[in-house]
Amino acid sequence: MLSLKFIRENIDKVKLSLQHKNVDFDLETLFSHDDKRRDLIQVVEQLKSERNTATKVIADKKKNGEDATTAIEKMRAVSEKIKVMDQDLKQIDDQIFNNLLFIPNVYHDSVPIGQTEGDNALVREWGKKPQFNFTPLSHLELSEKYNLFDFKRATKMSGSGFPLYRGMGAKLERALINFMLNFHVEKHGYEELFPPFLTTREATTTTGQLPKFQEDMYHISGDDLYCISTAEVPVTNIHRDEQLEEENFPYKYTAYSACFRREAGSYGKDTRGLLRLHQFNKVEMVQFVHPDTSYEILETLVNDAEDILQALGLHYKVVALCTGDLSFSAAKCYDIELWAPGEDKYLEVSSCSNFESFQARRGNIRFRRSDTNKLDFVHTLNGSGVATPRLMVALLETYQKADGSIEIPEVLVPFMGIDTIK
RNA sequence: GGAGAGUUGGCAGAGCGGUAAUGCAGCGGAUUGCUAAUCCGUAGACCCUUUAUAGGGUCUCAAGAGUUCAAAUCUCUUACUCUCCGCCA
């Protein structure tokens with residue numbers, strides 16, 4: 001969420017961001033609500049001030065055994081007025097707050113301008129596309145061979161879009177999760193968390209999934225809980241309504257979670273196998289940092305995700321999202337795309353974003369600045385490190401051999417106990 | 001699911017209709033050869049005035065609603081915490 005003050009002071013920036021994110025929003029109405037609110041506050045506070053003085057007078061009179069009836073009668077009318085005005089004020093406050101929740105974050109100056117995916121900027125590539133002296137199979141064909149995934153039977157359980165991993169497929173999935181968690185903890189200094197997978201409406205609003213993207217979330221109506229679409233939701237809320245210590249920056253957390261997405265509106269896109277799912281596994285990194293350093297840290301966060309892919313020896317590219325492709329809450333975002341030889345395309349496996357104070361404001365996550373001694377909002381960052389389904393696809397397709405076997409990358413062998421699937 | 005107790009400032013803890021004691025910690029200041037001790041100040045959100053410094057006001061005792069001239073205090077609803085019982089991987 002942006003503050004009204006920020007919006008008023010950076011109106012051009014906000015308008016541009018609305019335009020690039022294709023959001024239709026009436027700022028003028030918002031401002032007029034705010035003006036009305038200020039007027040109301042002035043009047044009602046004047047009345048309250050009167051009441052507070054009168055109340056002391058009444059108390060004194062009663063103490064001295066004098067008659068206070070006239071004063072009480074007078075205050076009765078004032079109190080009635082205050083009551084009505086307070087209700088009006090609350091209504092307008094709610095209205096303003098609810099409007100603010102629908103304004104997207106503004107983008108950072110370094111974000112490339114553009115409308116669609118095609119306008120994203122290539123930042124760097126690592127490794128090369130592997131060469132095969134045979135036609136590489138897709139992950140689905142490999143799965144058929146080794147019975148790694150069972151989509152057909154999964155349908156009996158949950159309908160389409162929910163993967164069932166079997167045998168070596170299940171073990172490899174577990175190995176990937178364990179490998180990534182260990183890596184971030186041991187090599188990158190994150191604290192490991194294992195969070196709840198259902199979150200409250202309030203927690204889900206902090207990170208920006210609600211209220212705007214309600215239709216993308218699975219919702220448990222009986223308890224008003226939401227199935228998390230990423231571990232970002234519970235993990236970011238670990239410090240909601242807290243004041244963090246400046247000397248402890250950056251706060252670094254990594255967490256595995258299952259992720260649930262309804263993917264409303266994307267039917268028919270990438271429906272093959274593991275490419276787009278309603279439930280998948282992901283290891284996430286979340287950081288709470290000092291505002292002055294958040295953009296430097298974003299770079300290191302991307303590197304942390306890249307380290308995983310380098311350790312696994314997979315070719316990828318890093319892309320800076322353009323203004324039009326940027327998500328609602330992000331000020332800047334890098335995507336990492338893995339090469340999948342069997343699919344013959346790059347697959348997005350990670351998004352690393354700086355949200356600046358957008359989420360911190362919604363979740364009231366602050367710290368006291370030593371330079372000004374004032375409270376300020378922290379910056380939050382998060383990145384996938386990384387999502388497993390497409391990682392699994394790229395891995396299987398990259399490491400397949402001419403004899404039909406699949407090599408296990410060295411770093412995963414301790415977790416798998418074997419070095420080849422055959 | 002049932003019964004009971006509780007939720008007050010960073011922490012501890014009083015107040016139970018007249019508008020938040022006190023202690024500890026942190027921070028700032030004073031004093032002081034140094035340290036310690038002592039003393040003073042000390043929150044946040046919002047609104048107004050002001051070029052600024054600064055000043056004034058309103059609100060905040062888990063959240064919301066109600067009673068009242070006046071609510072931390074009384075009533076109702078909700079959330080959370082603890083204890084016991086039941087159920088349960």
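A, B, ... follow the sequence lines: proteins, then strands. Residue 1 opens every chain. The basis for the numbers below is simple: all heavy atoms, side chains too, and nothing from hydrogens, waters or symmetry mates.
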Using heavy-atom distances to pick each residue's nearest nucleotide on RNA chain B, tell me which of A:Glu73 and A:Lys48 is more 5'.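 Closer to the 5' end of RNA chain B: A:Lys48.
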
Closest-nucleotide 5' rank along RNA chain B - winner of A:Met75 and A:Arg368 =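 The 5'-side residue here is A:Arg368.
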
Tell me the interatomic distance from [X], atom [atom1], to [N], atom [atom2], rounded to whole angstroms.
X	N	atom1	atom2	value
A:Gln243	B:G9	CD	P	13 Å
A:Ile96	B:A45	CD1	P	18 Å
A:Leu40	B:C59	CG	P	16 Å

Establish, from distance only, whether the side-chain atoms of [X] and [Y] form a donor-acceptor pair under 3.5 Å.
X	Y	result
A:Glu192	A:Tyr256	no
A:Tyr218	A:Arg262	no
A:Gln310	A:Tyr316	yes

When the [atom1] atoms of [M] and [N] are compared, how many Å lie between them, rounded to an integer?
N	M	atom1	result
B:C47	B:A30	C1'	35 Å
B:G18	B:C74	P	11 Å
B:G9	B:A72	P	15 Å
B:C16	B:A21	P	14 Å
B:A71	B:U75	P	16 Å
B:C11	B:G66	C1'	34 Å
B:C61	B:U73	C1'	10 Å
B:C88	B:U7	C1'	29 Å

[options]: which one has an atom nearest the side-chain heavy atoms of [X]?
X	options	value
A:Ile72	B:G66, B:C69, B:C47	B:C69
A:Arg37	B:G18, B:C46, B:C48	B:C46
A:Ile41	B:C47, B:G64, B:A43	B:C47
A:Lys90	B:C47, B:A43, B:A65	B:A65
A:Ala59	B:C47, B:C59, B:G18	B:G18
A:Arg76	B:C59, B:U68, B:C46	B:U68
A:Lys83	B:U67, B:C69, B:C47	B:U67
A:Arg38	B:C69, B:G66, B:C47	B:C47
A:Leu375	B:G44, B:C69, B:C47	B:G44

- Message: Tell me if a side-chain donor or acceptor on A:Thr293 pairs with a main-chain N or O of A:Glu296 at a distance below 3.5 Å.
- Response: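 No.
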
Checklist entry - Would you say the side-chain atoms of A:Asp304 pair up with the backbone N or O of A:His184, donor to acceptor, closer than 3.5 Å? => result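 Between the backbone of A:His184 and the side chain of A:Asp304 there is no qualifying donor-acceptor contact (under 3.5 Å).
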
Using a 4.0 Å heavy-atom cut-off, does [X] contact any base of the nucleic acid, only the sugar-phosphate backbone, or nothing at all?
X	result
A:Lys5	nothing
A:Ser79	sugar-phosphate
A:Ile58	base
A:Lys56	nothing
A:Asn52	sugar-phosphate

Heavy-atom check, side chain of A:Glu242 versus side chain of A:Ile365, under 4.5 Å |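 A:Glu242 does not reach A:Ile365 side chain to side chain.
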
Surrounding [atom1] of [X] (heavy atoms of other residues, nucleotides or ligands, distance under 6.0 Å), is the total greater than 12?
X	atom1	result
A:Gln19	CD	yes
A:Lys401	NZ	yes
A:Glu299	CD	yes

Open item on the list: Can you tell me how the ring of A:Phe149 sits relative to the ring of A:Phe151, calling it parallel under 30°, perpendicular over 60° and tilted otherwise?
Closed with: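 A:Phe149 and A:Phe151: tilted rings.
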
Inter-residue atom distance A:Phe358.CZ - A:Ser329.OG, 0.5 Å rounding:
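Taking CZ in A:Phe358 and OG in A:Ser329, the distance rounds to 4.5 Å.
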
In 5'-to-3' order, the base (B), backbone-only (S) or no-contact (-) status of each nucleotide in nucleotides 24-29 of chain B, using a 4.0 angstrom heavy-atom cut-off, is ------

**Asked** Taking both distances under 3.5 Å as the test for a Watson-Crick or G-U pair, what stems of at least three pairs does RNA chain B have?
**Response**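 B:1-7 with B:79-85, B:10-12 with B:22-24, B:26-30 with B:38-42, B:43-49 with B:54-60, B:62-66 with B:74-78 - these are the stems of 3 or more pairs that involve RNA chain B.
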
**Asked** Any side-chain N or O of A:Ser49 under 4.0 Å from OP1/OP2 of B:U58?
**Response**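 Checking A:Ser49 against B:U58: at least one side-chain N or O falls below 4.0 Å of OP1 or OP2.
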
